Amino acid sequence: MTDAPEPEESLFQAPPMGEQERMVEAILFATAEPVTVAELNARMPHGCDAAEALALLRKRYQGRGVQVCKVGDAWAIRTARDLGFLMRKETVETRKLSRAAIETLAIIAYHQPVTRAEIEEIRGVSVSRGTVDQLIELEWIRFGRRRMTPGRPVTYVVTQGFLDHFGLESARDLPGLKELRAAGLLENRPPPGAMADQGEDETAEDGQSDMFEDES
Amino acid sequence: MTDAPEPEESLFQAPPMGEQERMVEAILFATAEPVTVAELNARMPHGCDAAEALALLRKRYQGRGVQVCKVGDAWAIRTARDLGFLMRKETVETRKLSRAAIETLAIIAYHQPVTRAEIEEIRGVSVSRGTVDQLIELEWIRFGRRRMTPGRPVTYVVTQGFLDHFGLESARDLPGLKELRAAGLLENRPPPGAMADQGEDETAEDGQSDMFEDES
Amino acid sequence: MADPQGGGDDDFEAISVADRVAAEALIVDVDGFEGPLDLLLTLSRTQKVDLRKISVLKLAEQYLTFVDRAKQLRLELAADYLVMAAWLAFLKSRLLLPPDPADQGPSGEELAAHLAFQLERLQAMRDAAARLMGRDLLGRDFFARGTPSGVARVRRVTHTATLLDLMQAYARIRTRDEFRPFVMDRDKVFTMEQALDRMRGLIGFAGDWTQLASYLPEGWENDPVRRRSATASTFAASLELAKQGQIELRQGDTFAPIQIRRKPE
């Protein structure tokens, strides 16, 4: 939102870094949803450097009962993982997801951006009505760019809410992602004899590396 | 709750004080209501001294962006008084968009750039001014180029803010009707005949109530 | 598809009771399978080897046996199970017969390798899903702020909507549209056949030049949509009749009314 060019010289002096760190701390504590650096900068006084303050804050909370966590390109404070046992009262019962929904979610996370046809190809069954619906409603997946292949199919990608829920800094941190890729298991390999699909394959790979690189 | 007399000698060793402080920190952070020392002791492992851990934690947060505060006879983490100005954004109340507005927005998103007359033709009812104004105020739509037809009517297009809010990379990534149906996002088709009239009726009514709503 | 050559090795009597119970359990459970690939994956577990070293031929036979037994038990199998059975029977023949040099298509080995890849990939996604769900989860193992927005409230109302609302709204509008032309257009279309029938009946009486417009059917002159359709089909019909040599056409000037008359014998 505020990508204004760096002012050569600010009319008002930015607060000292210690103050900025306090501000980031206050904002992150007050919000349940992850907050982006851009949002932080927009809310803090002119001239502040939220990214630097964040880095300091993150260090400060290392090893504490709560942690400063990266969620996609946003930040949030979350309780330390080892203390979950204290929070039995706060535990929210999440709706049980069907096996189909969990598998579909995993396929989208690991193969994103991925089309419905590709999900069906991997699972060997059609994606039932309501599965995608449910994942969108949970705000774990959203629509990505259309694939530039005939029919320009819609693609699905995972959201920041997904990363937050599963405690991932970025989609690149998905467990076993590297191994799966090295084993060629994330490829969209066309069945032998289907030459026409080769173009699609290329694009799919392209799109994928794109998606995961974006996170850096 | 647990005001048991101090055990002379604990069967299990209590965690070190640093750990206890982390526990208090996590509990205060994640709990919706302020927590009493007795509750803290009840939630923490046997042999812990919540009061002492709390005192340490309180000292640690002195001068920070958030503070450990006493609320009645319980404890909570609160934003530092001097940083209250940063919190204004958290108190925005959100309401669901009216059906007329969401339909108008959907038509603009799918058909942009689109004139008011075209919106009305697609919706089958007139579009009240308040609806368009509201969408402009939300910064979800804006004026596009004028249409080069008689009368040179203004057109509407969706904004970057719209794309951000709905998690889209571009409006072209919105799924088409077929894809909506395939994803199970489309309600079942009502039987033809029975449907045509009913649907229209409903919308007409809606459009009207919407008009009154907007006057406020 | 899968039955003829299967007769020999599918001798039901020869199977031990334990095997039969196991097979029936598998079949009764058919609803529990998420499609043929899932079933194949389950069957492949009996081979107890790395999926990369799996015998696709053996797997194909197991699957075909499964489908045959389902048939013997008169179980309705979904179409995609039967499609897979047909494909596996084809694959089996490819794997068993020496390759036909004239054949352009992929070899049995290539097809088998792809099936093995699909199974391995599905298994990998299953494992990935399990690992994902096994992670520390927000709201179960770690927690967000319990009291967000702690400070004095400045109330400001803003409106919001979800992507789902948006798409459903659009779908609602558009499906309404889909019906309208379908239901209503029929009675606003005057087909060329209708126009031809009408004109054939009338030209006999038109010895002299008459305006084409006067041939429009009754009740079609006022409603613009109906008039447009009737005009177009009547005009097209007049061209057709002129071509057949039944009538003559003339027009005084550009955009002037078109006139027709029966061709004098």
Side-chain angles (χ1 to χ4, degrees), chain A residues 28-33 66-67 69 76-81 83-85 87 90-94 97 99-100 102-107 109-111 121-126 133 136-137 139 142-143 164-168 174-177 179-180 183-187 189-194, chain C residues 32-41 51-52 78 80-81 84 87 104-115 117-151 162-165 167-168:
Chain A
L28 291 190
F29 258 92
T31 322
E33 298 292 306
V66 295
Q67 315 261 277
C69 300
I77 294 183
R78 300 283 179 253
T79 62
R81 306 281 167 89
L83 298 178
F85 71 95
M87 250 59 78
E90 274 66 45
T91 306
V92 271
E93 271 303 314
T94 41
L97 281 181
R99 179 171 143 190
I102 293 169
E103 260 177 47
T104 303
L105 179 65
I107 291 169
Y110 283 83
H111 287 81
E121 155 84 16
I122 293 168
R123 294 198 62 229
V125 275
S126 55
D133 189 355
I136 290 178
E137 212 181 334
E139 297 189 350
R142 63 178 180 85
F143 296 106
D164 196 14
H165 188 88
F166 291 94
L168 293 162
L174 283 165
L177 182 71
E179 293 81 352
L180 287 172
L185 290 171
L186 301 184
E187 281 164 29
R189 215 179 276 177
Chain C
F33 288 107
E34 296 245 11
L37 215 52
D38 184 34
L39 171 57
L40 275 168
L41 201 54
L51 271 172
R52 260 171 259 206
D80 42 352
Y81 286 88
M84 179 60 93
W87 188 81
Q104 298 284 311
S107 72
E109 279 71 25
E110 283 173 318
L111 293 173
H114 187 70
L115 180 63
F117 166 73
Q118 283 181 296
L119 290 176
E120 199 191 343
R121 184 173 60 178
L122 180 59
Q123 186 58 52
M125 282 301 111
R126 293 261 159 95
D127 297 343
R131 280 166 88 177
L132 206 53
M133 297 315 283
R135 285 182 68 84
D136 287 340
L137 301 182
L138 180 67
R140 191 187 76 185
D141 305 296
F142 64 99
F143 295 83
R145 182 75 165 129
T147 41
S149 73
V151 196
T162 67
L163 186 58
L164 216 56
D165 296 335
M167 293 185 302
Q168 280 170 347

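Protein chains get the first letters and strands the later ones, always in sequence-line order, with residue 1 at the start of each. Please read all numbers here as calculations on a predicted model, not as lab measurements.
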How many angstroms lie between CE in C:Met167 and CG in A:Asp133, if you round to the nearest 0.5 Å?
-> 8.0 Å
Heavy-atom pairs under 4.5 Å with chain C: which of [options] has the most?
options: A:Asp164, A:Ile102, A:Thr79, A:Leu180; value: A:Thr79
options: A:Gln67, A:Glu137, A:Glu179, A:Arg81; value: A:Arg81
options: A:Pro175, A:Gly84, A:Ala183, A:Gly184; value: A:Pro175
options: A:Leu28, A:Leu168, A:Leu83, A:Thr104; value: A:Leu168
options: A:Cys69, A:Ser126, A:Ala106; value: A:Ala106

Is the shortest heavy-atom distance from the side chain of [X] to the side chain of [Y] under 4.5 Å?
X: A:Glu187; Y: C:Arg121; answer: no
X: C:Leu37; Y: A:Val125; answer: no
X: C:Gln123; Y: A:Leu185; answer: no
X: A:Arg123; Y: C:Met125; answer: no

What part of A:Ile107 lies closer than 4.5 angstrom to a heavy atom of chain C: side chain, backbone, both or neither?
-> both
Non-hydrogen atoms of chain C under 4.5 Å away: do they reach the side chain of A:Ala80, the backbone, both or neither?
-> backbone
Does C:Arg145 reach the main-chain N or O of A:Ala30 with its side chain, forming a donor-acceptor pair under 3.5 Å?
-> no
Partners passing side-chain hydrogen bond (donor to acceptor under 3.5 Å, both in side chains) against C:Gln118 (at least two apart in sequence or in another chain) | A:Glu121
For A:Gly176 and C:Arg131, which heavy atoms make the closest approach, and how far apart are they?
-> N-NH2, 3.6 Å
How far apart are the closest heavy atoms of A:Gly124 and C:Pro36, and which atoms are they?
-> O-CD, 4.0 Å
Answer yes or no: does atom CD of A:Glu33 have more than 12 heavy-atom neighbours from other residues, nucleotides or ligands under 6.0 Å?
-> no
Residue, of C:Leu41, C:Asp141, C:Asp136, that accumulates the most heavy atom pairs under 4.5 Å with chain A | C:Asp136
Heavy-atom distances under 4.5 Å only: say whether C:Arg135 touches chain A with side chain, backbone, both or neither.
-> side chain
List for me each residue that meets salt bridge (charged side-chain N to carboxylate O under 4.0 Å, His left out) alongside A:Glu139, sequence neighbours excluded, and say none if there are none.
-> none
